[in-house]
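Worksheet: the structure to be examined is printed underneath.
Numbers restart at 1 for each chain; the letters A, B, ... are given by sequence-line order, proteins then strands. Remember, predicted model here, so these are calculated numbers, not experimental data.
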Number of protein chains: 2
Amino acid sequence: MSDSVSYTKLYLRPHQFLARENESQPAIYRILEGWAHRFRLLPDGRRQVTRLFLPGDYCEMEWAQNGRSREPIVALTNLRALRIECDDLLYALSKDHELEMKIWSKIVSSSYQLSEWITNLGRKTALERLSYLFCEIFERLRTINLTYDDQFVMPLTQTDLADITGLTSVHVNRTLKQMREKGLIELQSKWLRIVDMPELRKVALFQPEGR
Amino acid sequence: MSDSVSYTKLYLRPHQFLARENESQPAIYRILEGWAHRFRLLPDGRRQVTRLFLPGDYCEMEWAQNGRSREPIVALTNLRALRIECDDLLYALSKDHELEMKIWSKIVSSSYQLSEWITNLGRKTALERLSYLFCEIFERLRTINLTYDDQFVMPLTQTDLADITGLTSVHVNRTLKQMREKGLIELQSKWLRIVDMPELRKVALFQPEGR
DNA sequence: CGGGTTATTGATTCGGTTCAAATCGAGTGG
DNA sequence: CCACTCGATTTGAACCGAATCAATAACCCG
């Protein structure tokens with residue numbers, strides 16, 4: 001994009017809000033480092049994560065279109081992000097058709113991910129959901145070189161995992177135990193090692209993007 | 001759009017495919033009449049509907065971007081649709097910035113709906129899910145004048161409802177019974193009457209688009 | 001250290017599934 | 001007009017995956 005635009009950076013600590021629900025958003029953010037999540041909160045406190053943001057992801061392209069966040073976004077770790085004014089982005093888009101197609105493509109592919117999770121939540125067991133999640137995270141981190149052989153830093157707590165997979169943290173705990181016993185994964189002090197990737201994929205009913 | 005473009009129509013019967021999984025799609029379709037659904041099928045036969053298409057909806061804007069369907073789409077009723085060539089659409093978009101924004105907005109809002117269903121499937125009970133579904137369908141049909149007072153034609157079978165809500169058809173049946181007993185709805189021979197809309201919305205934790 | 005999340009485990013309950021069978025209902029053909 | 005069929009609905013009984021409740025242990029960080 002044009003070098004006349006100056007970027008400002010955003011730093012957040014865990015639990016800090018990147019965006020509130022239904023809030024005006026004049027800018028989007030490109031995550032440089034750290035994890036964040038978008039979620040919905042029901043009146044009685046039930047919580048469901050609707051998207052996980054990893055380095056390289058944008059929060060959120062949609063804001064360029066309607067200028068408004070629909071769901072809160074909160075940092076899960078220390079977070080470093082690049083702020084991009086929607087006006088600048090839209091101007092750049094109007095000049096650069098390639099870029100515009102790239103943005104479209106990102107929105108479409110994130111909508112494809114949502115669809116995947118509808119299937120996970122509607123039809124899969126706890127074991128399948130967690131396995132799928134780990135496969136997905138591994139693939140996403142791998143494309144940005146944040147995996148180290150068969151392992152990566154996995155900062156999510158079991159409560160976070162529960163809110164992503166639509167389970168309780170207690171059941172996540174028991175299912176993780178089961179996955180360790182099956183020799184699928186090793187997980188300790190925020191490092192996840194995938195011991196048997198072929199088997200994990202099979203259990204998860206995971207098929208990589210292209211299919 | 002330009003009058004130099006001639007539209008062809010598509011007619012389908014129930015169970016006929018509008019699109020197969022991972023198939024090249026040179027055109028999108030605007031549904032004029034009837035219902036369709038997009039779904040994912042797991043190897044062992046578990047099925048999850050990922051989107052419901054009603055009159056006025058497009059199948060699917062995303063194809064204009066990547067020219068490929070990711071999931072099958074099948075007609076639920078007799079279906080009448082308008083075929084729009086992607087090339088024509090893209091040409092129209094490049095000429096008409098207003099139109100382009102409208103398309104964006106449709107994709108964004110459908111991605112918002114997916115997010116809503118992730119919450120429904122991850123965190124809501126059978127009663128809440130079905131109530132939500134009926135609220136949503138009612139609202140969508142109302143905006144296109146296909147509701148008649150507090151009722152509308154609801155062609156979905158209980159198996160369809162199960163595949164949308166991530167339940168079994170047996171449990172859908174029991175939950176519908178419960179909804180009738182609570183005085184929320186009346187449902188017979190494909191007509192659904194919403195008896196107590198305020199209460200149905202409350203049960204569903206449904207908040208209309210704007211919030 | 002000390003205090004507060006986070007993880008682990010057991011006992012019990014419950015929402016929803018599974019399996020099976022009976023009933024209803026809308027065509028279809030004789 | 002009735003017998004037949006096939007899908008859709010309804011209901012019962014038994015089961016199971018996951019939730020809930022509760023208590024303890026481990027970990028992390030200031």
Side-chain angles (χ1 to χ4, degrees), chain A residues 13-16 35 37 42 44-48 74-78 120-133 153-182 185-192 203, chain B residues 13-16 35 37 42 44-48 74-78 120-133 153-182 185-192 203:
Chain A
R13 300 221 160 257
H15 308 301
Q16 285 191 317
W35 293 25
H37 64 165
L42 298 182
D44 63 357
R46 279 174 287 178
R47 176 192 299 262
Q48 178 63 49
V74 165
L76 288 160
T77 66
N78 285 332
N120 287 338
L121 293 168
R123 290 304 186 198
K124 289 191 187 169
T125 65
L127 178 62
E128 291 167 336
R129 293 182 208 180
L130 274 170
S131 300
Y132 188 98
L133 178 63
V153 176
M154 214 293 295
L156 303 175
T157 67
Q158 293 184 1
T159 302
D160 295 332
L161 292 172
D163 289 340
I164 295 171
T165 53
L167 303 164
T168 58
S169 61
V170 173
H171 199 58
V172 165
N173 184 281
R174 290 195 228 272
T175 307
L176 288 176
K177 186 181 172 188
Q178 193 189 342
M179 293 175 75
R180 286 192 200 94
E181 287 166 359
K182 281 176 183 278
I185 59 165
E186 284 169 18
L187 174 57
Q188 47 193 306
S189 55
K190 302 301 176 198
W191 276 84
L192 181 68
V203 169
Chain B
R13 302 221 160 256
H15 308 300
Q16 284 191 317
W35 294 26
H37 65 166
L42 298 183
D44 63 357
R46 281 175 286 177
R47 176 192 300 263
Q48 178 64 48
V74 165
L76 289 160
T77 65
N78 285 333
N120 288 338
L121 293 169
R123 290 304 186 197
K124 289 191 187 170
T125 64
L127 179 61
E128 291 167 336
R129 292 182 208 181
L130 273 170
S131 299
Y132 188 98
L133 178 63
V153 175
M154 213 292 294
L156 302 175
T157 67
Q158 294 184 0
T159 302
D160 295 332
L161 291 172
D163 289 340
I164 295 171
T165 54
L167 304 165
T168 58
S169 62
V170 172
H171 199 56
V172 164
N173 183 281
R174 291 195 229 273
T175 307
L176 288 176
K177 186 181 171 188
Q178 193 188 344
M179 293 176 75
R180 288 193 197 94
E181 286 165 1
K182 281 176 182 277
I185 60 164
E186 284 169 16
L187 174 56
Q188 47 192 307
S189 54
K190 302 301 175 199
W191 276 84
L192 181 69
V203 169

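In the interface, the side chain of B:R174 is not paired with the base of C:dG15 through any donor and acceptor atom under 3.5 Å apart.
A heavy atom lying under 4.0 Å from DNA chain D marks none of the residues of residues 160-167 of chain B.
Here the shortest heavy-atom pairing between A:W35 and A:T77 reads N-OG1, 2.9 Å. Across all their heavy atoms, B:L167 and B:A126 have their closest contact at CD1-CB, 3.7 Å. Of all non-hydrogen atoms in A:M154 and A:L192, the two that sit nearest each other are CB-CB, 3.9 Å.
Rounded to whole Å, atom C1' of C:dT18 lies 13 Å from atom NE2 of B:H171. Here the P atom of nucleotide C:dG27 and the CZ atom of B:R13 are 13 Å apart, to the nearest Å. Rounded to whole Å, the distance from CE on B:M179 to P on D:dT10 is 13 Å. The distance from atom CD of A:E128 to atom C1' of D:dA18 is 14 Å, rounded to the nearest whole Å. Protein atom CG of A:L187 is 14 Å distant from nucleotide atom C1' of D:dC27, rounded to whole Å. Rounded to whole Å, atom P of D:dT10 lies 12 Å from atom CD of B:E181. Distance B:R129 CZ to C:dG15 P: 13 Å, rounded to the nearest Å. Spacing between atom CD of A:Q188 and atom C1' of D:dC28 amounts to 16 Å, rounded to whole angstrom units.
The phosphate of C:dT9 has OP1 or OP2 within less than 4.0 Å of a side-chain N or O from A:K177. Phosphate proximity of D:dT10 to B:N173: present, with a side-chain N or O under 4.0 Å from OP1 or OP2.
Contacts of B:T125 with the nucleic acid, taken as non-hydrogen atoms under 4.0 Å apart, involve only primed sugar atoms and P, OP1 or OP2. Within 4.0 Å of A:K124, counting heavy atoms only, lies no atom of the nucleic acid at all.
More than 12 heavy atoms of other residues, nucleotides or ligands shown are found within 6.0 angstrom of CD on A:E181.
Side chain of A:V170, nearest nucleotide from D:dA8, C:dG10, D:dA18: C:dG10. Of the candidate nucleotides C:dG16, D:dT11, C:dA7, C:dA7 has the atom nearest to the side chain of A:K190. Among the nucleotides D:dT11, D:dT10, C:dA7, the one closest to the side chain of B:Q158 is D:dT10.
Between the side chain of A:R123 and the main chain of B:Q48, no donor-acceptor pair closer than 3.5 Å is present. Side-chain atoms of B:S169 do not come within 3.5 Å of backbone N or O of B:A162 as any donor-acceptor pair.
Here the side chains of B:T157 and B:K190 are in contact, with some heavy-atom distance below 4.5 Å. Looking at B:V74 and B:Q16, their side chains never come closer than 4.5 Å, going by heavy atoms from C-beta outward.
Overall bending of the helix from C:dC1-D:dG30 to C:dG30-D:dC1, expressed as the angle between end axes built from five pairs apiece, is 40° (10° steps).
Within the model, atoms CG of B:L176 and CD of B:Q178 stand 9.5 Å from one another, a figure rounded to the nearest 0.5 Å.
With A:Q158 as reference, A:N173 is the one residue of A:T168, A:N173, A:D163 to meet the side-chain hydrogen bond (donor to acceptor under 3.5 Å, both in side chains) rule.
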